[in-house]
Structure formats: structure tokens, C-alpha cells
Protein chains: 2
Amino acid sequence: MPTGRNQYHHGNLRAAILAEAQTMLSETGADGLSLREVARRTGVSHGAPRRHFPDRQALLSALVEQGYEQLGARIESALAGTGGDFTGRLTAFACAYVDFARHNDELMTLMLSSKTWPDAGHLIAANDRAFAPAVELLRQAAGSGDITPADTDTVHMAVLALLHGLAFVAGHGLAGTKPTSDLVAGAVGALVEGIRPR
Amino acid sequence: MPTGRNQYHHGNLRAAILAEAQTMLSETGADGLSLREVARRTGVSHGAPRRHFPDRQALLSALVEQGYEQLGARIESALAGTGGDFTGRLTAFACAYVDFARHNDELMTLMLSSKTWPDAGHLIAANDRAFAPAVELLRQAAGSGDITPADTDTVHMAVLALLHGLAFVAGHGLAGTKPTSDLVAGAVGALVEGIRPR
DNA sequence: TGCCAATGTAGCCACTGTCAACATCGCTGA
DNA sequence: TCAGCGATGTTGACAGTGGCTACATTGGCA
């Protein structure tokens, strides 16, 4: 167990690199994320990260996976703390998602762009895990008649597309200073009730 | 006017570089887009692009601006060729947008990520120009009672968020092989009519 | 026609990702 | 207890890249 500094073996270099990389990501974006700079900031030689991340892509993938875990935890706890009707639960989920995007815009951008990477399978699975509670929420709503069950796939697609769009808008500061809850409540309301006057 | 090859002055190097860069972008994505490789493919020395694009960022910005012009043209012609009711026009616009994203995924990704760039002002203006016809469509609909005028900003946000989300999903191949028109019609229908049974 | 600004070339530097050879450490089994 | 071995970190090298400066070539204009 390492207690002092300046020792040959770091102790938990993988975690340290990942943490430093996430900080750098939020500061400079993925483009400015250099393996050598991460190593320097971690106080380790430029070749050290290679033992834990064979190449730059592996580090980015690890960041994305970590991001999905963090997002999944937020979604789960948001839904766990909310009982009640479908709209309320959908709004709670949406708030968690949009809020995460708003506070982790560069990480979110990386997570989204990862869907076309070579090892995407692994990461898409992480995505699915994170969104599982939300998918379950929609499934239940379709079963209980809270949403029109006509074409469940279409409704799922519309809900997720709307939330992704909101998260994007919010993450890029295009929603002004409007609180997340207002932003989400308005958009979710529009989708649930429709934008055509009843 | 250049007629032969191997001449010192290219004639229209800026346009040639831009075209080659857009091709490379669609092949390898923005990360793999190297100034020197673009120069090689264009048959010119590695320093030549500098006269037209001071740095790599300038080339990417030019690509994004070109992209917004292409997208704007598609949207405009889609709306020009469609008369009739609001839902039909909204669907036509959405189809043009989603279809563009589907066929230019890497370019679209670049266009979206550009909103946080240093010279974003310029590019956001290009974005606004491209989407002006759609914004006008929504404004008219609010005026004529086709959509609930309660909170126009909220409705605009919801519509654009939904479409952006759809475009993203479609651009990343997450919508399977479903035709764009079906995808869009379903989602637009869900938003216009609401997902709660009436 | 001679000159000049625009355009393209060539070479340099710092930085990066990747690799291979080597150093150091901690753990394990005899 | 301790030799040795696998895991972990270091060092040096290489090619590719973006950006810069000095120089070459060209076409158009006074």
C-alpha cells in the first residue's frame, strides 16, 4: 500500500489517469485530451498509461463507459425518489438526463460520438444499462394505458429523441439560463399533451 | 485560367481543398482529417492550404458553414414543394433535416460540435439562416392556431429538440432500416397529437 | 515591360501517439 | 528466507501532424 510520493509504482494509476482525464476532458474537450499531458498531470512518465490503456481510443472508451455509469446512477436515483403518475416520473427521468448533459457537456459529446467507434458494442451495452429504467417506465406506461399503445416503438423513439434533443440544447448552453426543471417540464408537457389544441 | 496540370498556381485551390476535405470527412470523420493529407490528395505541398485556411480550425469552420448552406437549401426546397396543412409542412421539413443527417453523419456531427468553437458566432448565424424557414413555419402556425399558442418558446424548443434527436438517431444508424418518412411521420404525429390518449 | 502582391514550396520546430528495450517493484512458492 | 517472475513504470526512438518562416513562382496591373 503506497503511502508516500515519488515511488516507482503508483498504486492505482488506472483510476488516477481516468480521473485526471475526465477533468481534462471537461476543460478542453476530447480534441485537447492528450495522453502525454494526462501522464504529466498524473506525475508519471509518458509511457506509463500504456499499461492500462493500450492506445488513446481505449482511454476515451473508458471515459465513455464511466460516463454511462454515472448517468445511469443519476437516472436510477431520480426514478427511485419519485412515485406517482407517469408524467411525473417521465419528467423526473428527463430532468436527471438533461441535468447531467448540462453539467458534463464535453463528456456527453464524447459519449454520443462513441456510437460509431470500433468497439461500439461494448459502449452501446453501457448505454442500454443506463437507460434501462427509463425503457421500463415506458413499457409500464404502455401497459397501463398512460400512453397511447398504438405503436410502442414509435412512442419510445419520440420520447428518447425529444430528450436527447433537449439534453443537447441544454448541454450547449442554447437554452439560456432557464432552469432545467422548467425546460423539461415544458417539453415533456408538449409531448404528452400534444402541441395541437385539444 | 488553368488548363493543364503541374502548374505552380492551382487556379481554385480553396474550392479544391474544401471538396477534398468534405470527402475525407465523410470517409474518416473529423478526427482523421489531416491538413497534410488533404494537401497530398489535392496534389499540392503541405504548406499550400495555409494561404486559404490559416489553421485546421479554419478549414473545419469552412466545412461547417458549407454544410449549413447545403442543409438550408434542402430545407428550403422541401418546404417550397409542399403546400397544405401544418402537419404536412412540418413533416416535410423534418424529413429534409433527418434525411440530410442520415446521409452526412460525420458532417452533421461536426456541425453540431461546432457550437462550442471559438468562432461559433459566425457558425450559429449560418445555422439560423438554414433553419429560418422552419422557424417561420412555426411562427405562422402559432398565429393561425394550428398549434397551442400558450407558450410559443416552449413549443419551438420541443419541436426542434425532437427533430434534432431524430436526426441524431437516424444519422447514427440507430433507427434501423426504417425509411426516413416513416420515422419522421411517427415522431411528428406523436408530438402533434400527444402521446396521451385523447 | 517591369514590378508587386498573391499564391505555392521547402524546411524547421514542438508536440503527439505508438512502440520496444530496459528498470524496478511486490508477490509467491520452495 | 529469498530467488525469481510477472506486473508496472521509465526511457529513448520514430513517424506523422500543425504551425511558422524564408523563399520561389506567377499573373496582373501601372
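The figures here come from the full heavy-atom set of this structure, side chains too, leaving out hydrogens, waters and symmetry mates.
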Original post:
Does A/Q66 have any side-chain hydrogen bond (donor to acceptor under 3.5 Å, both in side chains) partners at least two apart in sequence or in another chain, and if so, which?
Top reply: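 Partners of A/Q66 by the side-chain hydrogen bond (donor to acceptor under 3.5 Å, both in side chains) criterion come out as none, since no residue qualifies.
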
**OP:** Applying side-chain hydrogen bond (donor to acceptor under 3.5 Å, both in side chains), name anything that partners A/S144, two or more places apart in sequence or on another chain.
**Re:**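 Per chain and number, A/S144 pairs via side-chain hydrogen bond (donor to acceptor under 3.5 Å, both in side chains) with A/D146.
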
Original post:
Of A/E37 and B/R51, whose closest DNA chain C nucleotide lies nearer the 5' terminus?
Top reply: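 Taking each residue's closest nucleotide, the earlier one in sequence belongs to B/R51.
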
Subject >> Close approaches to DNA chain C from residues 15-26 of chain A, in residue order (heavy atom, under 4.0 Å) >> reply: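 Contacts with DNA chain C under 4.0 Å: none.
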
Original post:
Where along residues 54-61 of chain A does a heavy atom fall under 4.0 Å from DNA chain C?
Top reply: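 The stretch gives A/D55, A/R56 as the residues lying under 4.0 Å from the strand, ordered by number.
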
Restricting to nitrogen or oxygen on both sides, can you table the protein-nucleotides 12-16 of chain D pairs closer than 3.5 Å?
from   : atom 1 : to    : atom 2 : distance (Å)
D/dG12 : O6     : A/H46 : NE2    : 2.7

Length of the [atom1]-[atom2] vector between [X] and [N], whole Å:
| X | N | atom1 | atom2 | answer |
| --- | --- | --- | --- | --- |
| A/L13 | C/dT24 | CG | P | 18 Å |
| B/R14 | C/dT7 | CZ | P | 11 Å |
| A/H52 | D/dG6 | NE2 | C1' | 14 Å |

**OP:** Taking side-chain contact (heavy atoms from CB on, under 4.5 Å) as the test, write out the residues that go with B/S113, two or more places apart.
**Re:**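 With sequence neighbours excluded, B/S113 shows a side-chain contact (heavy atoms from CB on, under 4.5 Å) to B/L110, B/W117, given in chain and number order.
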
All pairs passing salt bridge (charged side-chain N to carboxylate O under 4.0 Å, His left out) where [range] contributes a residue, at least two apart:
| range | answer |
| --- | --- |
| residues 15-26 of chain A | A/E20-A/R41 |
| residues 51-79 of chain A | none |
| residues 173-197 of chain A | A/E193-A/R198, A/E193-B/R196, A/R196-B/E193 |

Subject >> Proximal nucleotide (of D/dT10, D/dC23, D/dG19) relative to the B/L35 side chain >> reply: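 Of the options given, the side chain of B/L35 lies nearest D/dG19.
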
**OP:** With sequence neighbours excluded, tell me which residues meet ring pair (Phe, Tyr, Trp, His ring centres under 6.0 Å) with B/H164.
**Re:**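 By the ring pair (Phe, Tyr, Trp, His ring centres under 6.0 Å) rule, B/H164 matches A/H164, A/F168.
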
In a table with atom names and distances, give each donor-acceptor pair under 3.5 Å that connects a side chain of residues 83-100 of chain B to protein atoms at least two apart or in another chain.
from  : atom 1 : to     : atom 2 : distance (Å)
B/D85 : OD1    : B/G88  : N      : 3.4
B/R89 : NH1    : B/L79  : O      : 3.4
B/R89 : NH1    : B/T82  : O      : 2.4
B/T91 : OG1    : B/T87  : O      : 2.7
B/D99 : OD1    : B/T180 : OG1    : 3.1

Original post:
Just by distance, do the side chain of B/T42 and the backbone of B/V44 share a donor-acceptor pair under 3.5 Å?
Top reply: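 No.
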
Original post:
Do B/S26 side-chain atoms and B/T23 backbone N/O form a donor-acceptor pair below 3.5 Å?
Top reply: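 A pair under 3.5 Å: yes.
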
List the atom pairs, donor and acceptor, that lie under 3.5 Å between side-chain atoms in residues 118-136 of chain A and the rest of the protein, sequence neighbours left out.
from   : atom 1 : to     : atom 2 : distance (Å)
A/D119 : OD2    : A/S61  : OG     : 2.7
A/N127 : OD1    : A/Y68  : OH     : 3.4
A/E136 : OE1    : A/R139 : NE     : 3.1
A/E136 : OE2    : A/R139 : NH2    : 3.0
A/E136 : OE2    : A/Q140 : NE2    : 3.2

